[in-house]
Structure formats: C-alpha cells, structure tokens
Protein chains: 2
Amino acid sequence: MARIPGRLPTAPPTLADVAERAGVSRQTVSNAVNNPDLLRSDTLLRVQEAIEDLGYLPNRAARNLRTRASHLVGLRINPVQEGTASAIMDRFVHSLVETSREAGKHVLLFAGDPLDPLAGYDDLLRSTAVDAFVVTDTYLGNPQATWLGARRAPFVAFGRPWDNPSATHPWVDVDGAAGCALATTHLLDQGHERVAWIGWRKDSWIGEDRRSGWTRAMHERGLPTTGLASRVEDTVASGRGASAVLLDEARPTAFVCASDTLAMGVLHTLAERGLAAGRDVAVVGFDDSQVAQVVPPGLTSVRQPLEEVAVEVVKALEGLLAHPPAVGPGVLLTPTLAVRGSSSAVGFGS
Amino acid sequence: MARIPGRLPTAPPTLADVAERAGVSRQTVSNAVNNPDLLRSDTLLRVQEAIEDLGYLPNRAARNLRTRASHLVGLRINPVQEGTASAIMDRFVHSLVETSREAGKHVLLFAGDPLDPLAGYDDLLRSTAVDAFVVTDTYLGNPQATWLGARRAPFVAFGRPWDNPSATHPWVDVDGAAGCALATTHLLDQGHERVAWIGWRKDSWIGEDRRSGWTRAMHERGLPTTGLASRVEDTVASGRGASAVLLDEARPTAFVCASDTLAMGVLHTLAERGLAAGRDVAVVGFDDSQVAQVVPPGLTSVRQPLEEVAVEVVKALEGLLAHPPAVGPGVLLTPTLAVRGSSSAVGFGS
DNA sequence: ATATTGCTTTGGAACGTTCCAGACGACACG
DNA sequence: CGTGTCGTCTGGAACGTTCCAAAGCAATAT
C-alpha cells in the first residue's frame, strides 16, 4: 500500500500539467485535443508543443467517466473446439481488432459459459465497461440479440437474425448459399455430375442456407440431388462416416461440405480407401481454415470475406454509437472460392 | 445530440441511488461492496438488498479513475499468418480470457504493426487504459520486454528472455527442448533409428532450443544426428522441400519438426511420393494445432499446456499488480505429446 | 459613442467512485 | 465521573476529464 516515491512509474502528465506549461487554462488544452479548430492557430501550436513535450495523452478513465463512453467493444469468445477445423472466429477477431483500431476503438474479450449464451453481457453492460457488443454466435437463433435488444444495449450481429427476419438491429452476414452454389458450380464446371452434400442437422439455419446453394446449383443444371445429401454433426468423424456411406450408396464423384471439418472427414475416408483427393474424388469445404490451406493436396474451400465483415461491423457500430444513432439495413456479403488441389485434376501442386 | 427521454437506455443506478434507497450514506454503500466486514450485519443486509433491487453495479470508469486501475490486461495480436498451421496464439488467447475472468480481469486486444513491435503499447500505457500487458511474441529476443521494463510498465511475458537471462520481469514458458526430446524418444521407442529434424533458421532462439531436445534424445541413445537436420523458414513449402532433400540424401524413417507447419510440409512430400504417413514414414509436429488434429491420419504433435500457461501468467499478473508488487521467478512448463496416426504403425484409426 | 456580433478563452460544476479525517454512540477503564 | 478506545457510519475532497455559461476583446454595425 505504501507508495515508495521514485520507484513506481511516474504519474503520467495531466491536462493541468499541460495547461500550466502552455500558459493556458485546462479547458483550452482539452479543446486543443478535441476541437482544435476552436483555438487561434498560435495558441493551438503552443499547446500542441506542450503536449508533445510532456508526452501527454488523455486519461482514459476520466474521459470515459465524463463522456459516458469507453470506446470499447465487447466480444464474447467461447472455448476452443478441439478437433474442429474451422477457426473462423479467430480470423474474424483479428480483422475486427485491426478495423476497430482505425475507428479508435479497442476490443474487450470476455469468456462465456457455452451453456449460458447471456453470461457476461449483463455485467459488462451494467458496469458501463463497454459501449457496445459484437455478437457472433448466432448459429441457433440468437437469444443474445433479443435480450440485448430488450435491454436497449447497442450491438451488431455477425449473422442474420434467422429466427426473426423483422429484427431491427444491425447485422452483417456472409451469403452461405451463394458460397455453396459457387463451390458446386465450380465442380460441375470440372465435369462432375454426381456432386454430394454433407451438411449439418436440419435445425441449423446456417446449414440449411448453405445446403440450399448446393441444391440450387444442381437444379440449375438439371441434375438430381436425391440420395446425394447427408446431414450430420459438425465433426471430422461424422464427415468421415457420412462420406463413406455416400460413396457406397450414391457413388458421387465430388463432395461439397458445410464446413472444412466435414471436408476433412471426407479426406479421411478417401485416404482409407486409397483414393486421391482431387484426382479421384473432388472435395470442397467451407471456411478456408488454416487446415484447408496446408493439408495435402490443399482443400478447396469457400472463403468468407472476414476482413470486409469486420469493416462493415465497425461501420455499423459507429452508426449505432453516433448522435443520433443511425442504424442501416443488414449487410450481406458474398464469399469467394479458394481453389486448391482437392478439386482440381492437377492433383498435387500446392 | 438530442436526448429523447424514455427511448434511450435508462441510466444505470449509482451509488447515490442505492444509498438513498437503503437510507445510508454513499460511503457505506461503497463499503458494502468493497469492505463488507466494516459494516454492521443488519446494515450490510439492508444495503445488499437495495443493491439487488436496483441491479446496481459500480461504474467502471469512475472506479478506474479513483483507484487508478482498469482491471484490463493488454494483449497485442498480430495479423493471421495465412498458410501457417500453428494458431497457437488463438488457443492461448482463449485460455487467457477465461483465466482472467476468474481473476476479475478482462483482456483488451489491440492490433500491432508487425514491423514495429512497440506500436500500440505506448498509447495504452500513457492513457492508463490497461493495468498491465501480456507479451507473447518473443521469438526474436524481445524489444518489448526491455522497453516496457524501462517504462516501468507491468507486464508478464509468455516466452523466456532468451537474449537476456538476467532479466527480472516475470515470465512463463514451455520447455520446447523437453517437448522435442519427448517426440524423438517416442519415435525411437517405436524402433526408428534415423530420425530427422526440420527446424527453423539459426537465429531463432526457440528453434535452437527445440532442436537441442532432438539432438539430446538422439545422443542419449547413441545415435548420430549429422546430416539428419535441416533449417528452413516456417512455411509448408519449406518443410516440403527440406523433407524431400532429406529423404533423398539421408533416408530417415521419421521426422521431428519444429512446428506443425513444417510437419505438414513433410506430409505433402510423403503424399507426392505415395508414402503413407505413419506406416511408411513417421512424422511429429509441434503445437498440436487444429491441423494436426484433423489431418488424416492425424499428426502426432507436441502440445503446449496453454491452459496452465494462462493460469501462471494470470498468477504472475496478480503478483505484479499487488501492493506491494511481488514478482516471482520464471515458470517453465513441460509439454505433452499428442500421439496420432502419423507416428504409429496402426496408421488410420483416428 | 454605443450596441451588436463573432471569435477566443476561461472558471466552475459535474461525471461516480474511493480516500480521508472526523463524528457519533457505546462501552470499558482508571 | 471523565477519558480513552473501539466499532460504525458520514460528509467533504479528490481522481482527470468535458460540459456549460459566461467573460474578454476586437471588429463591425447602428
């Protein structure tokens, strides 16, 4: 508790220190920082010099207290899913942090109990620790969205309000159907006709959306889809099992999967049977995870434009926190296809 | 700018609100929250009731201002390395966030210019936005450590002070040499005798440390290492090239790699040559990334105990921020080996 | 000459909390 | 009965910033 003078870090300079050095009032220094055009140019220069000399930076806590804003954005992260390929969240976090920085915001991470989707939000909100939230895990409806909405808490969702299309909160999402259509068309263009689908259980909105891209692309070319689809859990083992069954029963020459995790399951089956991914059977995944990028012979995968998503999310946040708040419509972005060996006859070659 | 009453979120209750409701002074409420044992039990109960009723939670900004502490820990993250397997950082972030929560802290992420290792630290420090930092990227010495040390900024490093063993800051690290020795011994136990090493360039402290584990394990069994080692950049292509050369020139039957990324390069070479990982040639990686977990037939990999690392880091942080600060010695943790198909004769089977 | 306007600068109050010194009553001790 | 001590509670000040209203001053308009 004792403050040993000189040993602890020197207290950072305050507004008053700068004011004294520049020979002006505190308020003038504040204006120099926040409204420079209010000052006469010579005083501005003098104050800026003093700021520079002292290495002054406004104290965050004081500023937050006065302005009732923390410039922090809360993002809840769940425990890592071991044995899963898609670390999509991580790529998004990186993009979000970088984009937020340009907007003068920082990202506050908090942990969540996977069983309680609301845990953590309330405390941060009531203690005014963050200005807004970015909500990501909207895979099964999104209780957070409705809850936060009821609390009048500002938030932007990465993911559409599937269960409530009339929701009014801002959201950004990626068109999964378009992505899977892209993947399927890519395979059809390579001459494949029996393209199978491995996706998630029916209660996943996202899964059904992605699946619809596959059916659409198949039907557009007049190809049947019956017997070519399988719905399982999002694990490597499930993908492996589903692909084994499909290969036996439907003899597909290509697979489109709802995730890289499932696609890796297909690669397992192919390896077991001595089939070469790409040459013998084509495989396309979803998320363009690191796994897809490094597994031999390279897994073709639908890539979400997470950088753009982050940009749109931050844009929406800024609108939301502006005075007065401006909330635009939802934004739907289109993914791209990262083509690799698993879907090209070339086989190996990166 | 206009505040439309009733439409915006109601202002959270303050100490004064609680005090009025409980019929006590502000200070008493504060004590009820921070020093409950100072109050008579009946007043405490009354105040707690009022707190509960109003859903009061202390305002973070005000508390931070007064106590000069933010309960935030800064963590700098770099842009994702595309085409790299090891997302070790992400697993660590998750663990850190969860452990921090238990310690009443949150993690503030900020972005860094990969070229300037110091960018971002200064601003957060001077604006008193964080109490301390967790420094992770100490791969090539660590300018952050010395810089932060000179600034008397509290920080804990994940990574040893390689270039300055007499550094006095707290650190936590994983024994890479032990991990590679573990991996090598595992292979030797399987009957391999010509175990090759693919690691990083000589200027990487971590790389040399890991390599020493391989040589130690080899020499302990009286096996030679000459001609069996290769030092390259940490990319899949490099691992692939290095393994191709080694296979031609030194005829190893197993590979130990400094990273999963390099190990994936080996898998590429094996696939090209029609060799089966595990059955024909064994491969062990480092980091136990998601890639290792899902790639067929499963990549055996050295797994860093990141959960423990996070626990130790937070423990060190708490010591550092205590009054008076207590800084213990560095902590070195031992990794484990996650054995999968790539190093077991069983081949496929998970 | 006086009032008006616009530009620049200023002092005081406020944000919500915790620190500090002191007040109050009860109780024990000399 | 006076005095000291302890346990409990309180009011004022302070943290460093921004908001607000107003003051000073020069130039212009009346």
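Using five terminal pairs a side, the axes of the helix from C/dA1-D/dT30 to C/dG30-D/dC1 at its two ends make an angle of 70°, given in steps of 10 degrees.
In this view, B/R63 and B/V33, B/N34, B/P58, B/T67 satisfy the side-chain contact (heavy atoms from CB on, under 4.5 Å) rule, not counting sequence neighbours. In this structure B/D90 satisfies the side-chain contact (heavy atoms from CB on, under 4.5 Å) test together with A/D90, A/H94, B/A87, sequence neighbours excluded. Residues forming a side-chain contact (heavy atoms from CB on, under 4.5 Å) with B/A326 (at least two apart in sequence, or on another chain): none. In this view, A/D42 and A/R40 satisfy the side-chain contact (heavy atoms from CB on, under 4.5 Å) rule, not counting sequence neighbours. Under the side-chain hydrogen bond (donor to acceptor under 3.5 Å, both in side chains) criterion, A/R126 pairs with A/D122, sequence neighbours left out.
Along DNA chain D, the nucleotide nearest to B/L38 and the one nearest to B/T67 differ in position, and the one closer to the 5' end is contacted by B/L38. Along DNA chain D, the nucleotide closest to B/R66 and the one closest to B/N31 are compared, and the more 5′ of them pairs with B/N31.
Only B/Y56, listed by number, bring a heavy atom of residues 39-57 of chain B to less than 4.0 angstrom from any atom of DNA chain C. Interface residues of residues 17-29 of chain A facing DNA chain C, ordered by number: A/V24, A/S25, A/R26, A/Q27, A/T28; criterion, heavy-atom separation under 4.0 Å.
Sorted by first and then second residue, the pairs that involve residues 310-331 of chain B and meet salt bridge (Lys or Arg N to Asp or Glu O under 4.0 Å), not counting sequence neighbours, are B/E312-B/K315. Note on residues 17-29 of chain B: pairs passing salt bridge (Lys or Arg N to Asp or Glu O under 4.0 Å), not counting sequence neighbours, are B/R21-B/D53. Residue pairs meeting the salt bridge (Lys or Arg N to Asp or Glu O under 4.0 Å) criterion with at least one partner in residues 96-119 of chain B, sequence neighbours excluded, are absent.
Along DNA chain D, the stretch of nucleotides lying under 4.0 Å from any heavy atom of chain B spans, 5' to 3', D/dT8 to D/dG16.
Side-chain atoms of B/L333 and B/V309, non-hydrogen and from C-beta on, do get closer than 4.5 Å to each other. With a 4.5 Å cut-off on side-chain heavy atoms, A/D123 and B/L57 count as touching. For the pair A/P161 and A/W171, the minimum side-chain heavy-atom distance is below 4.5 Å. Annotation: side chain of A/F133 is in contact with side chain of A/L125 (closest heavy-atom distance under 4.5 Å).
For the side chain to side chain contact (heavy atoms under 4.5 Å, CB included) with B/F155, the qualifying choice from B/L317, B/L148, B/V73 is B/L148, the only one to do so.
Among the protein residues, A/N64 comes within range of no part of the nucleic acid, since none of its heavy atoms lies under 4.0 Å from any strand.
With rounding to whole Å, A/D37 atom CG is found 17 Å from C/dG6 atom P.
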